[in-house]
Trainee: 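Below are the structure tokens for one structure; questions will follow.
Numbers here are sequence positions counted from 1. Worth knowing before you read on, the calculation uses all heavy atoms, side chains too, and leaves out hydrogens, waters and symmetry mates.
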Amino acid sequence: EDNSLVFFGSDKKGKEIWAQTTLTHVIEKNGETINLVAIDSDITKLKQAEKEIEEQRDKLAISNATKNKFFRIIAHDLRNPMSTLAGSTNIIFNDFEEYDKEQTKAFIGELNRLSQTTFNLLENLLDWSTSQMGEIKFSPKHLNIKSLTEENLELIDRKVDTKNIELKTNLKDHCAAFADEDMVKTIIRNLLSNAVKFTPENGTIEITCGAINDDYLKYSVKDTGVGIKQEDQKKLFRIDAHHTTPGLSNEKGSGLGLILCKEFIEKNGGEIKIISDPQKGTTIEFTLKRKSF
């Protein structure tokens, strides 16, 4: 009977190796073992090959999940709102005289909200596609995060007013970062859009930015929305886990925004964190470098 043992260690030169020791029993006619023969084999190359195969399998799984998510967004998340826009504008165009001023204004308001949501999705889709192809430019520079936030707040002003959301900002004047401007704009846009989507009427959104130390700043978006279950929080940043929650006005989500945020934040040397309880709201915070180092 042979027994094999696998070991991981280092040789005399400090090189990491895998070894397999096979023990063979030398047995007499009466069945008693009189000796053991040990044969050592270097299986480092075999283990390296197994590791490469496993890594390729993981990459293939992620690639397939990425492809599936891309086509799902095209087929559903992008197609459906475009279909609604086309159908609704057709109704207004053909039956314009049948609606009074208030009805027409309400129609246009809904279409405006839908078009903004769809445009945001399209921007995310294009950013993500470019990132996946490895063609996205990374050009970090010194940024005024306060002004970038104020710029993005203008995009959600109407939604905030419509839902009567109280918006609190605590943005320090020295809230500056060393990062890629387009990526940071995408991060802030998505976090603010999500906060409005999941915050009920008369709720509150609080935006805070300030230095942690000489090297990093922390940016947080806190809302009093529906919150996220603990088991679902882990799925939000995974491309292979399709998890989306409709907004309080039944806005559809692609699940792409936070994945993109995480990718861009890490690209800029920061980290993202979610703190949330169902029905109590959500805080999403991330860090960015304050200077080049």
Trainee: What pairs with R290 under side-chain hydrogen bond (donor to acceptor under 3.5 Å, both in side chains), at least two apart in sequence or on another chain?
Mentor: none
Trainee: Using the test side-chain contact (heavy atoms from CB on, under 4.5 Å), find all partners of L122 that sit at least two apart in sequence or belong to another chain.
Mentor: L78, L126
Trainee: Spell out, as yes or no, whether a donor-acceptor pair under 3.5 Å connects the side chain of K163 to the backbone of T199.
Mentor: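 Indeed, once roles are kept as given, a pair shorter than 3.5 Å links the two residues.
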Trainee: About how many Å separate CG of L288 and CE of M183, when rounded to the nearest 0.5 Å?
Mentor: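 M183 atom CE to L288 atom CG measures 11.5 Å (nearest 0.5 Å).
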Trainee: May I ask you to decide if S147's main-chain N or O and N144's side chain share a donor-acceptor pair within less than 3.5 Å?
Mentor: yes
Trainee: Could you tell me which residues satisfy salt bridge (Lys or Arg N to Asp or Glu O under 4.0 Å) with E150, sequence neighbours excluded, listed by chain and number?
Mentor: none
Trainee: Of the non-hydrogen atoms in C175 and G210, which two are nearest, and what is the gap between them?
Mentor: SG-N, 4.2 Å
Trainee: Is there a side chain to side chain donor-acceptor pair (under 3.5 Å) between N194 and N190? Walk through the geometry before answering.
Mentor: CA-CA 6 Å; N194 279 349; N190 275 288; 5.7 Å; no
Trainee: From I188 CD1 over to N152 CG, what is the distance, rounded to the nearest 0.5 angstrom?
Mentor: 5.5 Å
Trainee: Report whether L155 and L191 are members of the same hydrophobic cluster (ILVMFWY, side-chain heavy atoms less than 4.5 Å apart, transitive linking).
Mentor: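 Unlinked, L155 and L191 end up in two clusters.
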Trainee: Contact between D180 and F264 at the side-chain level, heavy atoms closer than 4.5 Å - yes or no?
Mentor: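 Of all side-chain heavy-atom pairs linking F264 with D180, none is under 4.5 Å.
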Trainee: Residues two or more places apart in sequence or in another chain: which of them pass salt bridge (Lys or Arg N to Asp or Glu O under 4.0 Å) with E166?
Mentor: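 Expected list: none.
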Trainee: Any sub-3.5 Å donor-acceptor pair from S115's side-chain atoms to N112's backbone N or O?
Mentor: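 Answer holds: yes.
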Trainee: Side-chain heavy atoms nearer than 4.5 Å, only ILVMFWY residues, links allowed to pass through others: does that put F178 and L217 together?
Mentor: no
Trainee: Rounded at 0.5 Å granularity, tell me how far OG in S276 sits from CD in Q233.
Mentor: 5.5 Å
Trainee: Passes side-chain contact (heavy atoms from CB on, under 4.5 Å), T22 versus Q20? Steps please.
Mentor: CA-CA 6 Å; T22 303; Q20 177 176 296; 3.7 Å; yes
Trainee: Sequence neighbours left out, what pairs pass side chain to side chain donor-acceptor pair (under 3.5 Å) with at least one residue falling in residues 264-274?
Mentor: K262-E266
Trainee: List the residues meeting side-chain hydrogen bond (donor to acceptor under 3.5 Å, both in side chains) with D100, not counting sequence neighbours, and say none if there are none.
Mentor: none
Trainee: Only one of L153, V196, L192 forms a side-chain contact (heavy atoms from CB on, under 4.5 Å) with V160, so which one is it?
Mentor: V196
Trainee: Is a side-chain N or O of D232 found less than 3.5 angstrom from the main chain of I228, in a donor-acceptor match?
Mentor: no
Trainee: Considering only heavy atoms from C-beta outward, does the side chain of T287 approach that of I212 to under 4.5 Å?
Mentor: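 Side-chain contact under 4.5 Å: yes.
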Trainee: Tell me, do F286 and I187 make a side-chain contact under 4.5 Å, heavy atoms counted?
Mentor: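 SC-SC contact between F286 and I187 confirmed.
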Trainee: Once disulfide bond (SG atoms under 2.5 Å apart) is applied, do any residues pair with C261, and if so which ones, sequence neighbours excluded?
Mentor: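 None.
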Trainee: Assess the residue pair K47 and T44 against the criterion (side-chain contact (heavy atoms from CB on, under 4.5 Å)); give the C-alpha distance rounded to whole Å, side-chain angles, the decisive distance to 0.1 Å, and a yes or no.
Mentor: CA-CA 5 Å; K47 284 293 184 182; T44 303; 5.8 Å; no
Trainee: When you compare the side chain of E181 with that of L143, does any pair of heavy atoms fall below 4.5 Å?
Mentor: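 Result yes, sub-4.5 Å side-chain heavy-atom pair found.
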Trainee: If you count every heavy atom of other residues, nucleotides or ligands that lies below 6.0 Å from F138 atom CZ, does the total exceed 12?
Mentor: yes
Trainee: Are T282 and V226 side-chain neighbours, meaning at least one heavy-atom pair lies under 4.5 Å?
Mentor: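 SC-SC contact between T282 and V226 ruled out.
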Trainee: To the nearest 0.5 Å, how far apart are CD in Q103 and CD1 in I108?
Mentor: 12.0 Å
Trainee: Can you sort out the partners of E54 under side-chain contact (heavy atoms from CB on, under 4.5 Å), two or more places apart, ordered by chain and number?
Mentor: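 E54 satisfies side-chain contact (heavy atoms from CB on, under 4.5 Å) with R57, D58 once adjacent residues are dropped.
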Trainee: Please say yes or no: joined through hydrophobic side-chain contacts below 4.5 Å, possibly via intermediate residues, are W18 and L46 part of one cluster?
Mentor: yes
Trainee: Evaluate the criterion side-chain contact (heavy atoms from CB on, under 4.5 Å) for residue pair I207 and N170; output intermediate values, then yes/no.
Mentor: CA-CA 6 Å; I207 305 164; N170 183 13; over 6 Å; no
Trainee: Could you give all pairs that pass the side chain to side chain donor-acceptor pair (under 3.5 Å) test and reach residues 203-223, with sequence neighbours left out?
Mentor: T149-Y219
Trainee: Does I91 belong to the same Ile/Leu/Val/Met/Phe/Trp/Tyr cluster as L85, with side-chain heavy atoms less than 4.5 Å apart forming each link?
Mentor: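 Same cluster: I91 reaches L85 through Ile, Leu, Val, Met, Phe, Trp or Tyr contacts under 4.5 Å.
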Trainee: Provide the full list of ring-ring contact (aromatic ring centres under 6.0 Å, His included) pairs with a residue in residues 80-102, sequence neighbours left out, each pair given once.
Mentor: Y99-F107
Trainee: Can you confirm whether I272 sits close enough to E285 that some side-chain heavy atom of one is under 4.5 Å from a side-chain heavy atom of the other?
Mentor: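 Of all side-chain heavy-atom pairs linking E285 with I272, none is under 4.5 Å.
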Trainee: Looking at every non-hydrogen atom in both residues, tell me the closest pair between P200 and G225 and how far apart they are.
Mentor: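 Closest heavy-atom pair between P200 and G225: CD-CA, 3.8 Å.
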Trainee: Minimum heavy-atom separation for G203 and T224, please, with both atom names.
Mentor: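 That would be CA-OG1, 3.5 Å.
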Trainee: Would you compute the distance between atom CG of L260 and atom OG1 of T186 and round it to the nearest 0.5 angstrom?
Mentor: 6.0 Å
Trainee: My understanding is that only residues two or more places apart in sequence, or in another chain, count here; which of them pass side-chain contact (heavy atoms from CB on, under 4.5 Å) with E151?
Mentor: L148, K185
Trainee: Answer yes or no: is there a side-chain heavy-atom contact under 4.5 Å between I92 and L111?
Mentor: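 Counting from C-beta outward, I92 and L111 do come under 4.5 Å.
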Trainee: Can you name the residues that form a side-chain contact (heavy atoms from CB on, under 4.5 Å) with K101, not counting sequence neighbours?
Mentor: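 side-chain contact (heavy atoms from CB on, under 4.5 Å) check on K101 returns nothing, list empty.
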